[in-house]
Visitor: 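First the structure, then my questions, so here it is.
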Number of protein chains: 2
Amino acid sequence: MSYGLRVRSYAQYCAVARALDVIGDRWNLLIVRELLLRGACRYTDLLNGLPGIATNLLADRLRELEQAGIVARYEAPPPIAAALFSLTARGEQLKDVLIELGRWGTELMAEPIGDDAFHSHWLAFPAELYLEDQTPDRPPIAIELRIGGDTTTLETVDGGVHTRAGAAEDPDLILTGNPQAILGLLTGRLDVATAQARGLEHQGSTTVLRRLQPGKRPPG
Amino acid sequence: MSYGLRVRSYAQYCAVARALDVIGDRWNLLIVRELLLRGACRYTDLLNGLPGIATNLLADRLRELEQAGIVARYEAPPPIAAALFSLTARGEQLKDVLIELGRWGTELMAEPIGDDAFHSHWLAFPAELYLEDQTPDRPPIAIELRIGGDTTTLETVDGGVHTRAGAAEDPDLILTGNPQAILGLLTGRLDVATAQARGLEHQGSTTVLRRLQPGKRPPG
DNA sequence: CAGCATCCGCTTTGATACTG
DNA sequence: CAGTATCAAAGCGGATGCTG
């Protein structure tokens, strides 16, 4: 039982510095990302969702974030009977920080994926935040994304775009391929022909893609 | 000459993770803060503006940020004859990240200042970003802030608030005091009486303060 | 198996001293 | 002024062990 309560601080009376005192340490914002995108998680869900983190670090970070009022830990009711971690209201407010960080970082996604890990729910950031349905009055569309084993569905809702895990019921388009070809296509960085040359396959009409364009504040 | 080009990466194909690969290391965002608030800086300006940073770390970080295309280094023309650092366009885009981070962190400014360092230009963040002039049609106002030796001026412009170093010509109000009393007053967390009890002194009419209120997206 | 704690080698950081 | 050099301490990542 060693609990060294972290205290390293920038010691600057500045809002940015004080924010970084709390969430600036390695892995902290990515833990928040996972909880934001996936909702309440068990310890092992987080471990899987954060490839590369050491298990002791995750435990430490969760304690620190809990103490900072960002993460709440609670025992799940009998059916599950496990410890669950979720964001507090204060933690949810970090969403705006992550949005801006993701927007700024989207440009970096053009770099080849190399050996980077990929989880399809991470796509929710670029998709939900930067895409808009250009013709919201027409019937909604659904696009099914099949990336390395798992399937994600992208649906238009109220002029925006929503993502969820799993297959679509009656998709207008099915895209199968690697993460960067699909992301390149969705962000408009690649056209259909180029994306196909890079490993994308499709089934259905790609014209629905024209309805989804980067909105007023495009990333990069 | 030891140059170990940092490569530690989260190795995750996610926009947030890739952004943090570049600007997530300790001190990086604070260096950007300084360059954003003060414009082009010399090495020693940055060293002074970042109390607590080790000089070798600053040198390392500037190299990394330069290589990442965030900071530009150039030799100033003859009159100055020194190396200057400034943000590139890509670096300026981090402003939105810092704004959200600062907004989130403002709540933490309620904690006592303790031994934290303070530079008055750091006030520009809360003041410019969160305050609005409620009656922009009336003649502009100027408030002079005197905090621990140096003086900052706060002026209303187009319904917003602008800050600059130095004294005001004909201030409507002069506030003298410690950082947290002044910040508490400006953010509306403290009223005039309470702020006075905590060390604030004023000269002029405090009613102008009512014109400056937190805008539609208040911090915290 | 879920949820950690411990140990260990390596890297990063921080404080200080020194140099052109 | 603008850094480099040195070194101790802390943090991180990986492996493994322990407990319900």
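Throughout, protein chains are lettered first and strands after them, A, B, ... in sequence-line order, and every chain is numbered starting at 1. We use all heavy atoms of the structure for the numbers below, so side chains are in, but hydrogens, waters and symmetry mates are not.
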Visitor: Is a salt bridge present between A/R61 and A/E64, judged by a nitrogen-to-oxygen distance below 4.0 Å?
Guide: yes
Visitor: Walk me through whether A/L20 and B/L101 qualify under side-chain contact (heavy atoms from CB on, under 4.5 Å).
Guide: CA-CA 8 Å; A/L20 290 173; B/L101 217 43; 3.8 Å; yes
Visitor: Check the distance between D/dC1's P and B/E75's CD and give it to me in whole angstrom.
Guide: 16 Å
Visitor: Any idea which of D/dC12, C/dA2, C/dC4 is nearest the A/R61 side chain?
Guide: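 That would be D/dC12.
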Visitor: Considering only side-chain heavy atoms of A/R42, which listed nucleotide, C/dG3, D/dC12, D/dG14, is closest?
Guide: C/dG3
Visitor: Looking at A/W104, I'd like to know if the NZ or CZ of B/R90 sits under 6.0 Å from its six-membered ring centre while staying within 45 degrees of the ring's axis.
Guide: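 Yes, a cation-pi geometry holds between B/R90 and A/W104.
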Visitor: Below 4.0 angstrom, N of the basic side chain to O of the carboxylate: do A/R164 and A/E155 qualify?
Guide: yes
Visitor: Within the pair A/R63 and C/dA5, is there a side-chain N or O less than 4.0 Å away from OP1 or OP2?
Guide: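 Indeed, a polar side-chain atom of A/R63 lies that close.
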Visitor: Heavy atoms from C-beta onward define the side chain here; which of C/dC4, D/dG3, C/dG14 lies closest to that of B/F85?
Guide: D/dG3
Visitor: Could you tell me the separation between the CZ atom of A/R73 and the C1' atom of C/dC4, rounded to a whole number of Å?
Guide: 10 Å
Visitor: Roughly how many Å is it from CD1 in B/I31 to C1' in C/dT13, rounded to a whole number?
Guide: 13 Å
Visitor: Looking at the side chain of B/A59, which of C/dA2, D/dG3, C/dA5 is the nearest nucleotide?
Guide: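 From the listed options, D/dG3 comes nearest.
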Visitor: How close or far is atom P of D/dG11 from atom CG of A/D25, stated in whole angstroms?
Guide: 8 Å
Visitor: If you check the B/T44 side chain, which of C/dA2, D/dC1, D/dT4 turns out closest?
Guide: D/dC1
Visitor: Between the side chains of B/Q12 and A/R33, does any donor sit under 3.5 Å from an acceptor?
Guide: yes
Visitor: Below 4.0 angstrom from OP1 or OP2 of D/dG13, is there any side-chain N or O of A/R26?
Guide: yes
Visitor: By nearest atom, which of the nucleotides D/dG13, C/dA5, C/dT13 is closest to the A/W27 side chain?
Guide: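 Shortest atom-to-atom distance from the side chain points to D/dG13.
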Visitor: On the nucleotide C/dA5, are OP1 or OP2 found under 4.0 Å from the side-chain N or O atoms that A/T55 carries?
Guide: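 So the side-chain polar atoms of A/T55 never come under 4.0 Å of the phosphate oxygens OP1 or OP2 of C/dA5.
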Visitor: For B/D45 and B/N56, find the nucleotide of DNA chain D closest to each by heavy atoms; which residue's nucleotide sits nearer the 5' end?
Guide: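 First, find each residue's nearest nucleotide; the 5'-ward one identifies B/D45.
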